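Notes follow the structure.
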Amino acid sequence: MRTLAVIACVLITGFAQASDADKRRAKYNYQMHCQGCHAPDGAGAGDIPEMKGHVGYFLETQAGREYLVRVPGSATSALGDSDLADVLNWIITEFSGDSVGDNFEPYSRAEVGRLRQHPLNEVEQYRVELLDQLSALSQESTQ
Amino acid sequence: MNILDKLFEKQTRQLAQRSSRRGILKGLGSLLVGGAVVPLLPVARASGAEPVGRPVEEGDPLSCDYWRYCAVDGFLCSCCGGTANSCPPGTEMSPVTWIGTCHNPADGRNYVISYNDCCGKSSCGTCLCQRDEGDRPMYRADKTNDINWCLGTASAAYHCSTAIVVGVAFEDQ
């Protein structure tokens with residue numbers, strides 16, 4: 001029984017630290033591939049969209065969820081599928097604030113790998129249309 | 001007598017019959033020693049712990065061979081009335097920048113460096129420094145130092161470059 005307890009302690013400690021290392025890797029990849037434009041806290045600058053406090057709204061529709069992967073900064077980045085999924089999940093966890101619901105389903109490597117095969121071309125126009133849809137959805141839910 | 005009192009008394013008497021004071025002390029001792037030993041267990045601690053973020057500083061920030069300038073291509077703000085971390089008076093730091101890593105020989109670690117340009121005045125013209133480590137061609141726009149990074153500022157006039165430590169590079173153990 002005691003042996004089992006010790007093994008459980010070691011496993012729990014190991015998993016907690018692996019998770020911590022994953023978070024640090026995701027933060028580092030954000031710094032190296034995203035922060036230069038999106039700023040350390042996701043605040044953006046000038047024409048660069050602000051993710052802080054807003055990015056979670058995109059997850060309210062399937063098109064919005066896909067947008068976060070298909071936007072060129074994600075889809076064409078030098079990150080592999082697994083690292084990109086981790087960075088997106090880290091961004092949503094760190095920057096969403098109240099804009100993300102409790103039922104957030106993290107991106108998987110397979111989902112990111114599939115979606116990034118279709119990067120967006122006319123990003124700005126697509127984004128405007130997407131935000132209009134999200135806005136309409138929000139108004140419907142408040143009526 | 002209250003039913004709770006009876007129950008408590010019964011449990012206490014049962015506990016007293018089953019255990020000894022030495023036994024309790026032994027259990028407490030095991031818990032304390034065991035708890036203290038858990039952090040010493042041979043798990044991958046090196047990869048899990050967050051490294052302390054402050055670099056050991058050696059070298060001259062006025063010199064191009066200062067460790068943080070490994071990917072600079074421009075004039076050093078340290079020579080222009082600013083520092084490696086701040087812009088000279090009368091200029092504005094660009095919020096949009098390119099980010100790379102530099103190796104610090106003083107502590108043997110790699111750090112994430114943000115090369116924010118200072119903008120709003122004509123080129124400083126002092127301490128030109130071009131090292132370009134990790135610089136990538138223009139088609140990798142986020143990793144090239146060959147473009148004017150005065151983006152998001154009131155003026156696009158380039159004056160000088162900073163080299164700000166923003167973190168410790170992640171390395172798989």
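Each chain gets a letter, A, B and so on, in the order its sequence line appears, and its residues count up from 1. Since we're looking at a predicted model, the values are computed, not measured. Hydrogens, waters and symmetry mates play no part in the numbers below; they use all other heavy atoms, side chains included.
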Is there a path from Ile91(A) to Leu130(A) through hydrophobic residues (I, L, V, M, F, W, Y) whose side chains come within less than 4.5 Å of each other?
yes
Just wondering, are more than 12 heavy atoms of other shown residues or ligands nearer than 6.0 Å to CG in Asp98(A)?
no
Report, as yes or no, whether the 6.0 Å neighbourhood of atom CD on Gln62(A) holds more than 12 heavy atoms from other residues, nucleotides or ligands.
yes
Pick one of side chain, backbone, both or neither for Ala43(A), based on which atoms fall under 4.5 Å of a heavy atom in chain B.
neither
Nearest atoms (heavy-atom pairs only) where Val96(B) meets Ala45(A):
CG2-CB, 4.2 Å
Please classify the contact of Val112(B) with chain A as side chain, backbone, both or neither, using a heavy-atom distance under 4.5 Å.
side chain
So, taking the atom named CD in Glu171(B) and the one named CZ in Arg25(A), what distance separates them when rounded to the nearest 0.5 Å?
12.0 Å
Thr101(B) side, atom OG1; Met32(A) side, atom CE - distance, nearest 0.5 Å:
5.0 Å
Treat each ILVMFWY residue as a node, draw an edge where side-chain heavy atoms are under 4.5 Å apart, and state whether Phe95(A) and Tyr67(A) are in one component.
yes
Closest heavy-atom pair, Tyr28(A) versus Val168(B), reported as atoms and distance to 0.1 Å, is CD1-O, 4.4 Å
Closest heavy-atom pair, Gln31(A) versus Val166(B), reported as atoms and distance to 0.1 Å, is NE2-O, 3.1 Å
Starting at SG of Cys37(A), measure out to CH2 of Trp149(B) and round the result to the nearest 0.5 Å.
5.5 Å
If hydrophobic clusters are built by linking Ile, Leu, Val, Met, Phe, Trp and Tyr wherever their side-chain heavy atoms come under 4.5 Å apart, do Val56(B) and Tyr66(B) end up in the same one?
no
Return yes when atom CG of Asp47(A) has more than 12 non-hydrogen atoms of other residues, nucleotides or ligands closer than 6.0 Å, and no otherwise.
no
Could you state whether Tyr115(B) and Leu128(B) fall into the same hydrophobic cluster, counting links through intermediate Ile, Leu, Val, Met, Phe, Trp or Tyr residues with side-chain heavy atoms under 4.5 angstrom apart?
no
Quick check: do Asp22(A) and Phe170(B) have side-chain heavy atoms less than 4.5 Å from each other?
no
